[in-house]
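Here the structure comes first, spelled out in structure tokens, and everything after it is commentary.
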Amino acid sequence: MTTKTAAAHPADVLLGAQAGAVTLPVCDHYSGVEARMKKSLALQAEMAQEFGACVFDVTLDCEDGAPVGGEAEHAALVTELALAAKPGMRVGVRVHPVDHPAFAGDVVTIAGRAGHRLSHLMVPKVESVADVCQAVAALDAADAAALPLHVLIESPLAVHNAFEIAAHPRVQSLSFGLMDFVSAHAGAIPADGMGAAGQFSHPLVVRAKLALASAAHAYGKVPSHCVVTEFNDTDAMRLAARKAATEFGYTRMWSIHPNQIRPILEAFAPDEAQIQIATKIITKAADADWAPTQIDGTLHDRASYRHFWQVLTRAHATGRALPSEAKAWFASRSPETH
């Protein structure tokens with residue numbers, strides 16, 4: 001009599017270069033003023049305790065946060081804040097663009113001193129893969145070759161080059177920069193294209209968002225949706241986050257105010273019914289050694305198993321309660337490999 005071996009882990013069986021092999025928290029929260037950065041880090045730790053997981057990233061901002069002439073001092077400040085963050089918390093930094101005079105100093109100070117502590121380095125205004133290569137060379141020179149690189153796509157040219165940018169092996173995530181994208185059109189896109197409603201209806205903005213999401217998914221990278229500037233309009237925030245998650249193919253979204261974090265988590269998280277269905281299907285798939293199987297009158301195979309595993313991954317990343325069968329899959333796996 002043979003003994004059945006333990007089922008292979010879903011992430012090992014189902015995921016690949018084009019199937020979301022990298023998973024990041026669904027919310028990326030930005031702040032650049034010292035008091036707000038400290039509050040953001042404190043809130044991150046509080047919510048991690050509440051949810052039992054670090055459910056959003058904090059990205060400390062040098063590009064818009066640093067005063068003109070005070071870039072070096074600001075880089076030193078965010079470095080100290082990152083180093084002082086509580087263990088297990090995900091903290092990134094947005095540096096200046098690669099063609100900015102402060103870029104080299106940012107990388108030397110921040111990545112050189114705190115690269116081991118950071119979850120990612122965000123580089124804004126990336127126009128082409130040459131900009132990515134310049135950023136990579138700077139990180140390598142600072143002994144931060146292991147630091148994940150996130151890039152911000154903010155112009156029509158950058159959108160055109162999105163697939164080539166996403167293909168670079170050091171790029172982990174692509175973000176869409178709405179405000180700069182709209183302003184790069186010389187007034188051809190009206191101002192309401194930057195608003196909570198207009199950014200989902202103007203054809204040029206919609207086209208750009210879809211192109212970026214498609215480029216990211218083509219190479220197994222994480223597409224991160226842009227900001228909603230109306231941070232006091234909770235209904236608009238929820239609607240925008242839901243559209244980004246369900247209609248535009250994004251798996252992550254920026255927050256620029258603490259009020260936006262929970263609506264993003266809620267919009268990107270699967271509901272209880274989805275979690276229960278996904279758990280049932282993945283459990284039966286594992287019992288069948290990932291062969292095709294019939295569940296409730298529907299045939300499932302690895303394509304549908306992959307989808308439902310990603311439902312469970314999203315649930316875990318957003319701090320949702322999981323059934324014991326599903327929870328076991330995540331017990332010994334790091335977030336980036338789920």
Side-chain angles (χ1 to χ4, degrees), residues 16-18 20-25 28 30 57-66 71-72 74-76 78-79 82-83 90-155 157-177 180-181 211-224 251-252 254 334-337:
Q18 292 178 295
V22 175
T23 299
L24 300 177
D28 188 11
Y30 276 72
D57 285 355
V58 170
T59 299
L60 308 175
D61 189 15
C62 287
E63 185 190 21
D64 292 336
E71 291 87 357
H74 195 79
V78 301
T79 300
L83 289 171
R90 289 180 50 89
V91 181
V93 175
R94 176 166 69 166
V95 296
H96 287 84
V98 295
D99 60 356
H100 191 283
F103 171 76
D106 283 351
V107 174
V108 169
T109 299
I110 299 164
R113 291 186 54 212
H116 64 285
R117 180 60 187 83
L118 297 177
S119 59
H120 62 275
L121 195 80
M122 166 61 77
V123 180
K125 296 180 173 58
V126 169
E127 292 285 286
S128 68
V129 73
D131 292 341
V132 176
C133 292
Q134 184 175 342
V136 166
L139 287 175
D140 289 350
D143 293 326
L147 182 58
L149 187 64
H150 295 191
V151 299
L152 188 51
I153 305 297
E154 304 182 73
S155 74
L157 179 60
V159 171
H160 176 76
N161 292 328
F163 278 83
E164 186 178 12
I165 292 168
H168 196 288
R170 292 284 288 275
V171 172
Q172 187 182 61
S173 175
L174 286 77
S175 291
F176 180 61
D180 281 277
F181 179 82
L212 188 149
S214 181
H217 289 301
Y219 293 98
K221 309 303 173 66
V222 176
S224 188
T251 56
R252 179 170 162 98
W254 284 36
S334 64
E336 288 76 11
T337 56

Quick one: are Ile110 and Cys62 in side-chain contact, heavy atoms under 4.5 Å? yes
Heavy-atom closest pair (Leu212 atom, Ser175 atom, distance to 0.1 Å) is CD1-O, 3.6 Å
Smallest heavy-atom separation, Ile165 atom then Leu174 atom, equals CG2-CD2, 4.5 Å
Residues 95-110 vs salt bridge (charged side-chain N to carboxylate O under 4.0 Å, His left out), sequence neighbours excluded, gives none
Open item on the list: With a 4.5 Å cut-off on side-chain heavy atoms, are Gln172 and Leu24 touching?
Closed with: yes
Is there a side-chain contact between Ser214 and Phe163, using heavy atoms and a 4.5 Å cut-off?
-> yes
| message | Given 3.5 Å as the limit, does a donor-acceptor pair link the side chain of Ser173 with the main chain of Val222, or not? | response | yes
_Strictly below 4.0 Å, N to O, side chains only: are Asp64 and Arg94 in salt-bridge contact?_
yes
Within the structure provided, determine whether Val151 and His168 are in side-chain contact (heavy-atom separation under 4.5 Å). no
| query | Any donor-acceptor pair under 3.5 Å linking the side chain of Lys221 with the backbone of Ala166? | reply | yes
Closest non-hydrogen contact found for Phe103 with His96 is CD1-O, 3.2 Å
When every non-hydrogen atom of Ala82 is compared with those of Leu118, the smallest separation belongs to CB-CD2, 3.7 Å
Pair Ser128, Asn161: side-chain N/O donor-acceptor within cut-off below 3.5 Å | no
- Message: Side chains of Leu139 and Leu149, heavy atoms from C-beta outward: is any pair under 4.5 Å?
- Response: yes
Check: Quick one: does Gln134's side chain have a donor or acceptor within less than 3.5 Å of a partner on Val98's backbone?
Finding: yes
His160, NE2 atom: more than 12 neighbouring heavy atoms under 6.0 Å: no
Quiz prompt | Non-hydrogen side-chain atoms of His116 and Leu83 separated by less than 4.5 Å | solution = yes
Cut-off 3.5 Å, side chains only: do Thr251 and His217 have a donor facing an acceptor? no
| query | With distance as the sole test, does Arg117 use its side chain to make a donor-acceptor pair with the main-chain N or O of Thr79 at under 3.5 Å? | reply | no
CG (Leu152) and CH2 (Trp254) are apart, to the nearest 0.5 Å, by 4.5 Å
Is any side-chain heavy atom of His150 less than 4.5 Å from a side-chain heavy atom of Thr59?
no
| said: With a 3.5 Å distance limit and no angle check, can you tell me whether Glu71 reaches the backbone of Ala66 through a side-chain donor-acceptor pair? | reply: no
Separation between CG (Leu147) and CG (Asp140), nearest 0.5 Å, reads 10.5 Å
d(His74 NE2, Glu63 CD) to nearest 0.5 Å is 11.0 Å
